[in-house]
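Note sheet for the following structure.
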Protein chains: 2
Amino acid sequence: MTARPPSPLLHEASSCSIATTVALLGDRWTLLILRDLFRGTRRFSDFQSNLGIARNLLSERLTRLIDYDLVEKVLYQERPPRYEYHLTPKGADFSPVLIALMQWGDRWYANDGPPIELIHQTCGHPLEQHVTCPSCHTDLRPGQIRSRPGPGAIPEIADGHEIEE
Amino acid sequence: MTARPPSPLLHEASSCSIATTVALLGDRWTLLILRDLFRGTRRFSDFQSNLGIARNLLSERLTRLIDYDLVEKVLYQERPPRYEYHLTPKGADFSPVLIALMQWGDRWYANDGPPIELIHQTCGHPLEQHVTCPSCHTDLRPGQIRSRPGPGAIPEIADGHEIEE
DNA sequence: GGACTGAGTTGCAAATCTAAACCCACCTCC
DNA sequence: GGAGGTGGGTTTAGATTTGCAACTCAGTCC
């Protein structure tokens, strides 16, 4: 069976990259599978035992990630053929989302400190994620952000919105 | 009816902030409701017509967001009582996740340029999101990131992992 | 030959989602 | 003062999706 997009609202996907991304990857298991891929999990049975996901769902989600080119199957043994699942550049590029999810959870739920720290490989310091204005060289808080239609906007939607503080 | 967490894997939630966050908010509608909240949508019927979500689900998701303190109900009219939904500080703090989702979608799917741009309120420049090492003052790529157990780690899990490139 | 492993597929019950109908309090128009 | 509209829901019934267990299949180990 072919893996279908899970999504409602594909009509909206074209006008908002959040909707696009959520339509592709925005279910619980897919995000956790990606997390495991970032941590180095590569084999079907390892995902299955780490996550406790049903095998049919794991199979379907991995197929979808391959269809969308976030993951590729790599043969690691010929007879019988066995494959590992590796992140592609597109999949690896998803890391800021997982970092943001993790840091939000750390800030609001990790009372004893974060269960896992992400660190800079070469120096060992915990990393940070920032939203910045490249022109003003400052970090931005949510209240200082606005949105406006970009070059790919659908013409009829022509007014910008204020972002909530 | 009380809103329940949607999640499988609450057992795992305690050891990983991504799992915690995904368990709370990781369904498609909740992320899109938060997106709309950031854009300034406040009223039930506006969410409903923007998203095309079924009303019972919208009601349940908003209740959950209130239970988890990302959203608060604000009375804007007394007779009959009418409420608006506003982001709390905890809800507003979720913006980096949405920015990360949006920028990934922009990079990989917005062939005509991003449909929406986020800009610095005061200067109008498009903003950027970065993962940095505060010690080395450099931006980090996925391959330069490792993870290790933090202060809130469950004791038995004691080895760090390399993050995939 | 028999047990075991990795990676799935199949079938069915249980949970979730969608759509549509219904409800209630008020307001406006005529 | 009745008819219709608005905002914000709840209820119900039917379609989808998910979760779980059992089964398959190809090949290896002993």
Side-chain angles (χ1 to χ4, degrees), chain A residues 1-12 19 22-33 36-37 41-67 71-86, chain B residues 1-12 19 22-33 36-37 41-67 71-86:
Chain A
M1 188 187 298
T2 311
R4 298 173 304 299
S7 73
L9 349 154
L10 282 179
H11 66 282
E12 218 211 343
V22 167
L24 260 53
L25 309 175
D27 65 296
R28 280 189 295 288
W29 291 121
T30 301
L31 291 170
L32 293 173
I33 290 168
D36 271 18
L37 282 162
T41 303
R42 296 173 179 307
R43 298 195 183 172
F44 191 90
S45 56
D46 293 334
F47 291 108
Q48 214 260 310
S49 57
N50 285 353
L51 296 173
I53 184 176
R55 294 151 98 53
N56 53 350
L57 288 190
L58 175 57
S59 176
E60 201 257 316
R61 292 299 126 90
L62 286 170
T63 304
R64 183 151 75 217
L65 288 170
I66 292 166
D67 286 350
V71 167
E72 60 190 346
K73 243 173 152 167
V74 178
L75 192 73
Y76 72 89
Q77 171 186 301
E78 295 234 339
R79 309 185 61 75
R82 291 283 177 268
Y83 297 90
E84 287 182 330
Y85 298 90
H86 289 218
Chain B
M1 185 188 300
T2 312
R4 298 173 304 299
S7 75
L9 350 152
L10 281 180
H11 66 278
E12 217 211 343
V22 167
L24 259 53
L25 308 175
D27 65 294
R28 278 190 293 289
W29 291 122
T30 301
L31 291 170
L32 293 173
I33 290 167
D36 271 18
L37 282 162
T41 303
R42 295 172 178 310
R43 298 194 184 173
F44 191 90
S45 55
D46 292 335
F47 291 109
Q48 214 259 310
S49 56
N50 286 351
L51 297 173
I53 183 176
R55 291 148 148 286
N56 53 351
L57 285 193
L58 175 57
S59 176
E60 200 257 317
R61 291 299 128 88
L62 286 170
T63 305
R64 184 152 74 217
L65 287 170
I66 291 165
D67 287 351
V71 166
E72 60 191 346
K73 241 171 153 167
V74 178
L75 193 73
Y76 72 89
Q77 170 186 301
E78 296 235 339
R79 308 186 60 74
R82 291 280 180 267
Y83 297 91
E84 288 181 330
Y85 299 91
H86 289 218

Verdict with reasoning, Leu65(B) to Leu25(B), per side-chain contact (heavy atoms from CB on, under 4.5 Å): CA-CA 8 Å; Leu65(B) 287 170; Leu25(B) 308 175; 3.8 Å; yes
Partners passing side-chain contact (heavy atoms from CB on, under 4.5 Å) against Asn56(B) (at least two apart in sequence or in another chain): Ala54(B)
For the pair made of CG in Leu57(B) and P in dA19(C), what is the distance, rounded to whole Å? 10 Å
Counting only side-chain heavy atoms from C-beta out, which of dG8(C), dG9(D), dG27(D) sits nearest to Pro80(A)? dG27(D)
On DNA chain D, check which nucleotide each of Arg43(B) and Ala54(A) is closest to and give me the residue with the more 5' one. Arg43(B)
Reckon Phe47(B) touches a base, only the sugar-phosphate, or nothing at all at heavy-atom distances under 4.0 Å? nothing
Return yes if the base of dG7(D) and the side-chain atoms of Arg82(B) contain a donor-acceptor N/O pair under 3.5 Å, otherwise no. yes
Whole angstrom is fine here: how far is it from CG in Leu75(B) over to P in dG9(D)? 12 Å
Considering only dG8(C), dA7(C), dG9(D), which nucleotide approaches the side chain of Tyr85(A) most closely? dG8(C)
Atom-to-atom span, CG of Leu58(B) to C1' of dT10(D) - whole angstrom: 13 Å
What integer distance in Å separates Ile53(A):CD1 from dT9(C):P? 13 Å
Using whole Å, report how far CZ of Phe44(B) lies from C1' of dG8(D). 6 Å
Closest nucleotide among dT11(D), dG27(D), dG8(D) to the Asn56(B) side chain: dT11(D)
Ser59(B) side-chain N/O to dT10(D) phosphate OP1/OP2 under 4.0 Å: yes
For Glu72(A), which residues count as a side-chain contact (heavy atoms from CB on, under 4.5 Å) partner, sequence neighbours excluded? Val74(A), His86(A), Thr88(A)
Between P on dA7(C) and CD on Gln48(A), what's the gap in Å once rounded to a whole number? 11 Å
Please pick, from dA7(C), dG8(D), dT9(C), the nucleotide with the shortest atom-to-atom distance to any side-chain atom of Tyr76(B). dG8(D)
Is there a donor-acceptor pair under 3.5 Å between the side chain of Thr63(B) and the backbone N or O of Ser59(B)? yes
Most 5' of Pro81(A) and Arg55(A) on DNA chain D, judged by nearest nucleotide: Arg55(A)
Protein-nucleotide distance (Arg61(A), atom CZ; dT17(D), atom P), rounded to Å: 10 Å
Could you give the CH2-to-C1' distance, from Trp29(B) to dA19(C), as a whole number of Å? 12 Å
Among Arg43(B), Lys73(B), Gln77(B), exactly one meets side-chain contact (heavy atoms from CB on, under 4.5 Å) together with Tyr83(B). Which residue is that? Lys73(B)
